[in-house]
Amino acid sequence: MQSLDRAEQGRQYQVREVADDPRVPERARQLEEIGFLPGEHVMVMTRGFPGGDPLVVRIGQSTFALRGAEAACVHVEAVAAGNA
């Protein structure tokens with residue numbers, strides 16, 4: 001398991017959990033409200049240049065730009081090629 005901010009661009013992942021951020025207590029709830037829920041498939045489409053922030057991610061049928069700190073709260077696991 002790894003955080004979404006470290007996920008490989010273009011690879012399919014599955015959300016395992018959304019962790020709390022002690023600096024921004026409402027962040028986990030906000031991410032869950034827009035669809036970052038356990039079991040959902042997510043993919044990093046592209047990263048900002050320079051520095052890789054923000055990340056453009058696709059979850060379900062929606063596309064979002066997430067800051068690195070937000071993406072770090074989303075813990076994911078790679079989906080095997082045949083299970084995507």
Side-chain angles (χ1 to χ4, degrees):
M1 198 163 51
Q2 66 188 48
S3 57
L4 186 59
D5 64 320
R6 300 197 182 282
E8 182 181 329
Q9 186 173 315
R11 185 165 184 188
Q12 189 84 341
Y13 291 86
Q14 188 172 39
V15 175
R16 289 297 175 201
E17 69 176 350
V18 179
D20 290 328
D21 182 341
R23 296 168 293 166
V24 185
E26 66 276 6
R27 182 166 287 157
R29 180 186 50 77
Q30 291 169 339
L31 289 166
E32 289 169 347
E33 285 177 354
I34 62 171
F36 289 86
L37 298 168
E40 289 292 327
H41 284 203
V42 62
M43 179 185 297
V44 175
M45 305 298 288
T46 191
R47 297 174 185 274
F49 181 79
D53 202 6
L55 293 80
V56 176
V57 299
R58 182 123 177 114
I59 186 156
Q61 298 299 313
S62 300
T63 304
F64 296 98
L66 296 181
R67 287 177 245 139
E70 294 167 327
C73 294
V74 180
H75 295 169
V76 297
E77 189 170 67
V79 174
N83 295 334

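For clarity, every value in this text was computed on a predicted model and none was experimentally measured.
Between the CD1 atom in Ile59 and the CG atom in Leu66 there is a gap of 9.0 Å [rounded to 0.5 Å]. Annotation: the span from Phe64 atom CZ to Arg58 atom CZ amounts to 10.0 Å, rounded to 0.5 Å. Rounding to the nearest 0.5 Å places CZ of Arg47 at 4.5 Å from CG of Leu55.
Grouping the Ile, Leu, Val, Met, Phe, Trp and Tyr side chains by contacts below 4.5 angstrom, directly or via other members, places Val15 with Ile34. Note on Leu4 and Met43: separate hydrophobic clusters, where clusters join Ile, Leu, Val, Met, Phe, Trp and Tyr whose side-chain heavy atoms are under 4.5 Å apart, directly or indirectly. Hydrophobic clustering (ILVMFWY, side-chain heavy atoms < 4.5 Å, transitive): Met45 and Val42 are in distinct clusters.
With sequence neighbours left out, Arg16 forms a salt bridge (charged side-chain N to carboxylate O under 4.0 Å, His left out) with Glu77. In this view, Glu40 satisfies the salt bridge (charged side-chain N to carboxylate O under 4.0 Å, His left out) rule with no residue, not counting sequence neighbours. Residues satisfying the salt bridge (charged side-chain N to carboxylate O under 4.0 Å, His left out) criterion with Glu26, sequence neighbours excluded, are absent altogether. Residues passing the side chain to side chain contact (heavy atoms under 4.5 Å, CB included) test with Arg23 are Asp21, sequence neighbours excluded.
Of all non-hydrogen atoms in Val44 and Glu8, the two that sit nearest each other are CB-O, 4.4 Å. The heavy-atom pair separating Tyr13 from Arg11 by the smallest distance is CD1-O, 3.2 Å. Annotation for Ala28 and Ala19: closest pair CB-O, 3.7 Å, computed over non-hydrogen atoms.
With a 4.5 Å cut-off between side-chain heavy atoms of Ile, Leu, Val, Met, Phe, Trp and Tyr, the cluster of Phe49 takes in none.
Looking only at side-chain heavy atoms (C-beta outward), Gln2 and Val76 come within less than 4.5 Å of each other.
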Would you give me the side-chain donor-acceptor pairs under 3.5 Å for residues 68-75, sequence neighbours excluded?
| residue | atom | partner | partner atom | Å |
| --- | --- | --- | --- | --- |
| Glu70 | OE1 | Arg67 | N | 2.8 |
| His75 | ND1 | Glu17 | OE2 | 2.8 |

### Task
Start with the C-alpha distance between Val79 and His41, add both sets of side-chain angles, then the distance that settles side chain to side chain contact (heavy atoms under 4.5 Å, CB included), and finish with yes or no.
CA-CA 8 Å; Val79 174; His41 284 203; 4.2 Å; yes
